[in-house]
Amino acid sequence: MNRPTQTKEAILESALYLFHLKGYHATSIRDIAHKAKVNSANIAYYFKNKQGLLEYCFTAYLEAYIQLLEKNLVQLDRIGAQKGLLAILTDVFEFQRKNFLAASFIYGESALDSNLNREVLSTYYMKENSYFQYVLEKGIKEGIFRKIQPAIFTLQIKGLLSAPIIHAHYAREVLHVYTQEKYYTDKYRDEICLFLEHSLFVKRDIQEELLYNVSI
């Protein structure tokens, strides 16, 4: 990684840490520069101002998230909706774990009614919604998903995906669980798969065939 890239990454990591710790409005450019060990002019060079840095934090995370979903959708016709949905959930949990600070901050900010939410987040969330509903509708057509309402079940999936991030403090202080650790992420994912098995997947005599498809 060359020096300009290292500087930019240091600014982003420091900004996300401070935004998460203190909040966006309580964090100054000087705070970010001090944490990143750079000059304030570096922040202006790469991001113009604090608002530009905020928008970059959002778009960089969400672009990578949408690309992850699209990567899985490409292989959906080949592997089927059931394996495709499980692959998506596995990848999303791992993505959130690796980008824990960004995920925490963005989930928190997305609950606010702001221009940034309306202009930036809505674009990505509309894509996310259409992708999840497409997978659910495909599974229903294939006869391997129950006849649920895709819009409502998409909201349930969103809740399951966001819970380890939104409730990280509760998990740590009350349950003594660290949701950014891989061990917990894997266990949580396994429990979600069991939930889907009982609430979404159709139990049929072709289970062995489905298991065979998963192994492909």
Side-chain angles (χ1 to χ4, degrees), residues 59-100 102-104 106-107 110-111 121-168 170-171 175 177-216:
T59 56
Y61 177 88
L62 292 170
E63 282 284 353
Y65 173 63
I66 292 299
Q67 288 174 10
L68 180 149
L69 296 181
E70 291 173 344
K71 180 200 74 174
N72 282 284
L73 286 177
V74 168
Q75 58 180 354
L76 202 61
D77 288 335
R78 179 176 63 84
I79 66 176
Q82 179 170 320
K83 185 180 177 185
L85 179 59
L86 294 177
I88 288 172
L89 295 180
T90 297
D91 284 354
V92 171
F93 283 130
E94 184 64 9
F95 176 76
Q96 291 182 159
R97 185 187 71 81
K98 289 182 176 179
N99 299 277
F100 186 78
S104 298
I106 289 170
Y107 273 124
S110 66
L121 290 183
S122 60
T123 301
Y124 293 101
Y125 285 160
M126 288 296 288
K127 285 185 178 181
E128 176 196 48
N129 174 64
S130 66
Y131 293 159
F132 275 117
Q133 290 206 42
Y134 175 77
V135 175
L136 293 172
E137 289 167 0
K138 182 175 178 60
I140 293 171
K141 289 179 182 178
E142 291 176 354
I144 59 174
F145 289 174
R146 301 179 189 277
K147 292 183 179 179
I148 46 86
Q149 294 186 31
I152 294 176
F153 209 87
T154 295
L155 187 60
Q156 290 178 304
I157 290 174
K158 281 285 292 178
L160 294 170
L161 288 173
S162 63
I165 307 299
I166 293 175
H167 302 300
Y170 177 87
L175 305 177
V177 168
Y178 292 85
T179 57
Q180 66 268 42
E181 293 182 353
K182 183 170 175 54
Y183 174 82
Y184 171 81
T185 301
D186 291 345
K187 289 294 184 183
Y188 184 80
R189 178 207 59 210
D190 292 344
E191 290 296 325
I192 298 307
C193 290
L194 288 175
F195 166 77
L196 292 175
E197 182 180 340
H198 290 91
S199 63
L200 181 63
F201 301 155
V202 173
K203 292 182 174 64
R204 306 193 321 180
D205 293 335
I206 62 166
Q207 277 299 325
E208 291 186 6
E209 179 182 345
L210 291 176
L211 290 173
Y212 171 77
N213 289 336
V214 169
S215 67
I216 295 176

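Quick note: residue numbers are just sequence positions, from 1. FYI, side chains are in, hydrogens and waters are out, and symmetry mates aren't considered; it's all heavy atoms of this structure.
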Chemist: Hey, could you give me the CZ/OG1 distance between Phe100 and Thr185, rounded to the nearest 0.5 Å?
Modeler: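 It is 9.0 Å, given to the nearest 0.5 Å.
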Chemist: Please evaluate residues Val177 and Tyr183 with respect to the criterion side-chain contact (heavy atoms from CB on, under 4.5 Å), reporting the C-alpha separation (whole Å), side-chain torsions for both, the decisive distance (0.1 Å), and the verdict.
Modeler: CA-CA 10 Å; Val177 168; Tyr183 174 82; over 6 Å; no
Chemist: Just to verify, what does Tyr61 make a ring-ring contact (aromatic ring centres under 6.0 Å, His included) with, not counting sequence neighbours?
Modeler: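 Once residues adjacent in sequence are excluded, the partners of Tyr61 under the ring-ring contact (aromatic ring centres under 6.0 Å, His included) criterion are Phe95.
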Chemist: Give me the atom names and distance for the closest heavy-atom approach of Leu196 to Leu86.
Modeler: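 In terms of heavy atoms, the two residues are closest at CD1-CD2, 4.2 Å.
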Chemist: Test: side-chain hydrogen bond (donor to acceptor under 3.5 Å, both in side chains). Region: residues 145-163. Which pairs qualify, not counting sequence neighbours?
Modeler: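 side-chain hydrogen bond (donor to acceptor under 3.5 Å, both in side chains) check on residues 145-163 returns Glu128-Lys158.
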Chemist: Got a sec, which residues hit side-chain hydrogen bond (donor to acceptor under 3.5 Å, both in side chains) with Tyr178, two or more places apart in sequence or on another chain?
Modeler: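 Applying side-chain hydrogen bond (donor to acceptor under 3.5 Å, both in side chains) to Tyr178 gives none.
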Chemist: Quick one: which residue pairs count as a salt bridge (charged side-chain N to carboxylate O under 4.0 Å, His left out) with a foot in residues 60-77, not counting sequence neighbours?
Modeler: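 For residues 60-77, and leaving out neighbouring residues, the salt bridge (charged side-chain N to carboxylate O under 4.0 Å, His left out) pairs sorted by first residue read Lys71-Asp91, Asp77-Lys138.
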Chemist: Once you round to the nearest 0.5 Å, how far does NZ of Lys83 lie from CZ of Arg78?
Modeler: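 Between atom NZ of Lys83 and atom CZ of Arg78 there are 6.0 Å.
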Chemist: Enter the distance from Asn99:CG to Ile165:CD1 here, rounded to the nearest 0.5 Å.
Modeler: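 Those atoms lie 9.5 Å apart.
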Chemist: Glu142 side chain to Ala81 main-chain N or O, any donor-acceptor pair under 3.5 Å?
Modeler: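 A pair under 3.5 Å: yes.
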Chemist: Among Asn72, Leu76, Leu69, exactly one meets side-chain contact (heavy atoms from CB on, under 4.5 Å) together with Val135. Which residue is that?
Modeler: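 Answer after filtering Asn72, Leu76, Leu69: Leu76.
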Chemist: Any side-chain heavy atom of Ile148 within less than 4.5 Å of one from Ile152?
Modeler: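 No. Closest side-chain heavy atoms not under 4.5 Å.
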Chemist: Please collect all ring pair (Phe, Tyr, Trp, His ring centres under 6.0 Å) contacts where either partner lies in residues 122-147, sequence neighbours excluded, each pair once.
Modeler: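 The answer is Phe145-Phe201.
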Chemist: Give the intermediate values and the outcome of side-chain contact (heavy atoms from CB on, under 4.5 Å) for residues Thr123 and Leu62.
Modeler: CA-CA 10 Å; Thr123 301; Leu62 292 170; over 6 Å; no
Chemist: Quick one: list whatever passes ring-ring contact (aromatic ring centres under 6.0 Å, His included) with Tyr188, sequence neighbours left out.
Modeler: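 Residues passing ring-ring contact (aromatic ring centres under 6.0 Å, His included) with Tyr188: Phe93, Tyr184.
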Chemist: What pair of heavy atoms forms the shortest contact from Phe153 to Ser199, and how long is it?
Modeler: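 Taking Phe153 first and Ser199 second, the nearest heavy atoms are CZ-OG, 3.8 Å.
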Chemist: Let me see the working for Leu89 and Leu160 under side-chain contact (heavy atoms from CB on, under 4.5 Å), right down to the final yes or no.
Modeler: CA-CA 10 Å; Leu89 295 180; Leu160 294 170; over 6 Å; no
Chemist: Sequence neighbours left out, what passes side-chain contact (heavy atoms from CB on, under 4.5 Å) with Asp186? Give chain and number order.
Modeler: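 For Asp186 the side-chain contact (heavy atoms from CB on, under 4.5 Å) partners, ignoring immediate neighbours, are Lys182, Arg189.
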Chemist: Looking at residues at least two apart in the chain, or sitting in another chain, which of them share a side-chain hydrogen bond (donor to acceptor under 3.5 Å, both in side chains) with Glu181?
Modeler: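 Counting only residues at least two positions away or on another chain, Glu181 forms no side-chain hydrogen bond (donor to acceptor under 3.5 Å, both in side chains).
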Chemist: Measuring from Ile157:CD1 to Ile192:CD1, what's the distance to the nearest 0.5 Å?
Modeler: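 Result: 10.0 Å between the selected atoms.
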